[in-house]
Amino acid sequence: YDPLDFDGNFDFYASPDNVFNPVNLQGRIVSETLRVKNDDWGAFRLDLEASDLQDKLFAYLTITRGENQLIAEGNYNLGNLKEIEDVLLADAEKRNWFDFNLNISNYPFSIAEYFLGKGLSNAIGNFGAGLHVYGMPGDPKIAGEIEIKDASFKVDFLNTTYFIDRGLV
């Protein structure tokens, strides 16, 4: 994803029970340093597991640097979970459905600059979050809270700096 410019040295491990019959799949991606736009975000680890290529893919992700931590845990449907027509399936049984819990603690608020681009600058402070992200890739749903502490940011086109002592989103 170009705007974020991910970088780092990653090790990859994959382990099917049998290469010719892909069942009981496991994978791991690890890096001592994940870089985003050349900023060090810490150690990265992603563990993946699926019983086969049509089942749920379970994922556990951590990104940790000092007291900053992001943990995401959940699943993604690699295929339809039942062999019936799509119109008869519940959304959570359809291919591409995902369901993740995201917990973030003490993350730098400056990460907002990556996603809001040139409209926001000079972001300082920290945030934490407890989010449930689920749905289909084209229509994700998000529930939960984000707590922003001791933060400020500048809205560039207004040339105005805003301050947040403590805010819940």
**Request:** Side-chain contact test, heavy atoms from C-beta onward, threshold under 4.5 Å: evaluate it for W41 versus N68 and give yes or no.
**Result:**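 No - every pair of side-chain heavy atoms lies 4.5 Å or more apart.
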
**Any side-chain heavy-atom pair of L48 and F58 under 4.5 Å** =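 No; the side chains remain at least 4.5 Å from each other.
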
**Request:** Could you tell me which residues satisfy side-chain contact (heavy atoms from CB on, under 4.5 Å) with N159, sequence neighbours excluded, listed by chain and number?
**Result:**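 If we apply the side-chain contact (heavy atoms from CB on, under 4.5 Å) test to N159, skipping adjacent residues, the hits are K154.
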
Got a second to check how far [X]'s [atom1] is from [Y]'s [atom2], nearest 0.5 Å?
X	Y	atom1	atom2	result
E32	F10	CD	CZ	11.5 Å
M136	R95	CE	CZ	9.5 Å
Y134	D139	OH	CG	9.5 Å
T33	R35	OG1	CZ	6.0 Å
N77	E93	CG	CD	8.5 Å
Y76	D55	OH	CG	13.5 Å

Heavy-atom closest pair, residues [X] and [Y]:
X	Y	value
R45	V30	CG-CG2, 4.1 Å
F127	I146	CD1-CG2, 3.9 Å
D52	L25	C-CD1, 4.2 Å

Identify whether [X] and [Y] are in the same connected component of the hydrophobic contact network (ILVMFWY, side-chain heavy atoms under 4.5 Å).
X	Y	result
L53	F12	no
Y60	L131	no
V155	I148	yes
F153	L168	no

**Asked** Is there a donor-acceptor pair under 3.5 Å between the side chain of D91 and the backbone N or O of G135?
**Response**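 A pair under 3.5 Å: no.
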
**Prompt:** Any donor-acceptor pair under 3.5 Å linking the side chain of S31 with the backbone of N9?
**Reply:**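 Flag set: sc S31 to bb N9 pair under 3.5 Å.
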
**Prompt:** Any chance the side chains of D156 and S121 put a donor and an acceptor closer than 3.5 Å?
**Reply:**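 Distance-only check passes for D156 and S121.
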
Name each donor-acceptor pair under 3.5 Å that joins a side chain in residues 97-113 to protein atoms two or more places apart or in another chain, with its distance.
unit_1: D99; atom_1: OD1; unit_2: H132; atom_2: NE2; d: 2.5
unit_1: E113; atom_1: OE2; unit_2: N122; atom_2: N; d: 3.3
unit_1: E113; atom_1: OE2; unit_2: A123; atom_2: N; d: 2.8

**Request:** Please lay out, stage by stage, how L78 and Q54 fare under the test side chain to side chain contact (heavy atoms under 4.5 Å, CB included).
**Result:** CA-CA 5 Å; L78 297 170; Q54 293 300 311; 5.8 Å; no

**Request:** Kindly determine whether L61 and F44 satisfy side chain to side chain contact (heavy atoms under 4.5 Å, CB included), including the steps that lead there.
**Result:** CA-CA 8 Å; L61 168 71; F44 173 98; 3.4 Å; yes

**Message:** Is it the case that atom CD in Q26 sees more than 12 heavy atoms from other parts of the structure closer than 6.0 Å?
**Reply:**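 Result for CD/Q26: enclosed.
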
**Prompt:** Sequence neighbours excluded, which residues qualify as salt bridge (charged side-chain N to carboxylate O under 4.0 Å, His left out) partners of D165?
**Reply:**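 By the salt bridge (charged side-chain N to carboxylate O under 4.0 Å, His left out) rule, D165 matches no residue at all.
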
**Request:** Show the numbers, then the answer: is there a side chain to side chain contact (heavy atoms under 4.5 Å, CB included) between D40 and R65?
**Result:** CA-CA 8 Å; D40 178 358; R65 181 170 182 247; 3.7 Å; yes

